[in-house]
Amino acid sequence: MNNNFNINLQNIKRFDFRLGNAFCGIKKLAIFFGEDIKIKSNSGKLLDFKPNKEEILAELKDFCFENWQEKYNNNANPVLENAWSIELKFDNHSLEFGGLDDFPFTWQQVENFVKKYGGFTEIKL
């Protein structure tokens, strides 16, 4: 499945990341894949480099989405501000992942990615 997933990832149209809630604010990052890469974030910071599609895709492959669960809610005492979702949009379908203060094993890579492309200094509480 890993190889098929990574082949399919080449056809991604949009990556959406959200973390937080209405009370503390929601950190948002959207990356649009087309002729050019377009990135929208509510961090208020501009990137000081031009994103490269191949580099972004390689980083997304390292998340190992194919091994993720759809929902992560196993924390008995969750921090509500750490509610998160990631959606991968393709032409004919999308994949959605989310959780509440419970994260997949590659979450540190996700945080580094969101900091790099979203301009955030901190991700979760």
Side-chain angles (χ1 to χ4, degrees):
M1 179 173 169
N2 187 5
N3 194 36
N4 287 339
F5 182 85
N6 287 338
I7 290 169
N8 194 31
L9 196 56
Q10 296 291 326
N11 299 316
I12 191 170
K13 299 298 180 196
R14 184 173 172 170
F15 168 89
D16 277 313
F17 171 89
R18 305 281 182 271
L19 185 133
N21 64 35
F23 298 108
C24 71
I26 300 172
K27 293 176 178 135
K28 300 176 186 178
L29 170 64
I31 301 176
F32 301 85
F33 297 87
E35 292 293 318
D36 292 322
I37 298 292
K38 291 189 171 103
I39 297 178
K40 292 187 178 184
S41 167
N42 66 347
S43 70
K45 296 181 183 166
L46 297 175
L47 297 181
D48 58 357
F49 64 94
K50 181 156 175 58
N52 174 295
K53 181 177 180 179
E54 289 73 29
E55 179 182 349
I56 294 172
L57 290 177
E59 291 178 64
L60 290 176
K61 287 176 187 177
D62 287 343
F63 292 178
C64 301
F65 286 116
E66 67 275 13
N67 296 319
W68 283 22
Q69 304 167 40
E70 287 183 22
K71 294 287 179 195
Y72 290 84
N73 293 316
N74 291 323
N75 190 333
N77 298 303
V79 175
L80 297 180
E81 289 84 356
N82 287 335
W84 63 273
S85 68
I86 291 177
E87 184 175 11
L88 307 175
K89 294 184 181 183
F90 300 90
D91 278 333
N92 299 322
H93 71 287
S94 63
L95 298 172
E96 295 181 45
F97 305 96
L100 181 57
D101 204 29
D102 186 20
F103 308 93
F105 66 99
T106 57
W107 187 256
Q108 187 60 55
Q109 291 168 274
V110 174
E111 284 194 25
N112 293 339
F113 180 88
V114 171
K115 287 176 186 177
K116 177 179 179 179
Y117 294 105
F120 297 102
T121 54
E122 292 298 323
I123 302 302
K124 63 182 197 241
L125 295 180

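Numbering of residues begins at 1 and proceeds along the displayed sequence.
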Check: V110 and F103 side chains under 4.5 Å, non-hydrogen atoms: no
Heavy-atom pair with the smallest gap, counting every atom of L100 and A83: CD1-CB, 3.8 Å
Close side-chain approach of F15 and I56, heavy atoms under 4.5 Å: no
Side-chain heavy atoms of W84 within contact of D102, under 4.5 Å: no
Atom pair CG/NZ of N42 and K28 - distance to nearest 0.5 Å: 6.0 Å
Rounded distance (nearest 0.5 Å) linking atom CD of Q10 with atom CD of E54: 8.0 Å
From N8 atom CG to E66 atom CD, the distance as rounded to the nearest 0.5 Å: 11.0 Å
Atom of E81, atom of L19 and distance for their closest heavy-atom approach: O-CD2, 3.8 Å
Listed partners of N92 passing side chain to side chain contact (heavy atoms under 4.5 Å, CB included), at least two apart: none
Listed partners of K115 passing side chain to side chain contact (heavy atoms under 4.5 Å, CB included), at least two apart: E111, I123
Contact check, side chains of T106 and D62, non-hydrogen atoms, under 4.5 Å: no
Min side-chain heavy-atom separation F65-I86 under 4.5 Å: yes
Check: K27 side chain, E122 main-chain N or O, donor-acceptor pair, under 3.5 Å: yes
Output side-chain donor-acceptor pairs under 3.5 Å for residues 29-38, partner residues at least two apart or in another chain, one line each.
none

Test item: T121 and K45 side chains (from C-beta on) under 4.5 Å apart, heavy atoms: yes
Separation of F113 CZ from F17 CZ (nearest 0.5 Å): 10.0 Å
Joint cluster assignment, W107 & L60, ILVMFWY side-chain distance < 4.5 Å: yes
Stepwise side-chain contact (heavy atoms from CB on, under 4.5 Å) test for D91 and N11: CA-CA 8 Å; D91 278 333; N11 299 316; 5.8 Å; no
Pairs involving residues 70-79, ordered by first then second residue, that meet side chain to side chain donor-acceptor pair (under 3.5 Å) (sequence neighbours left out): N75-D101
Student check: side-chain heavy atoms of C64 and F105 closer than 4.5 Å: yes
For the student: nearest non-hydrogen atoms of S43 and G118, plus distance: OG-O, 2.5 Å
Sequence-distant partners of F49, ring-ring contact (aromatic ring centres under 6.0 Å, His included), two or more places apart: Y117
Contact summary for G20 and I26, nearest pair of heavy atoms: C-CG1, 4.0 Å
Under the side-chain hydrogen bond (donor to acceptor under 3.5 Å, both in side chains) test, residues paired with S94 that sit two or more places apart: E87
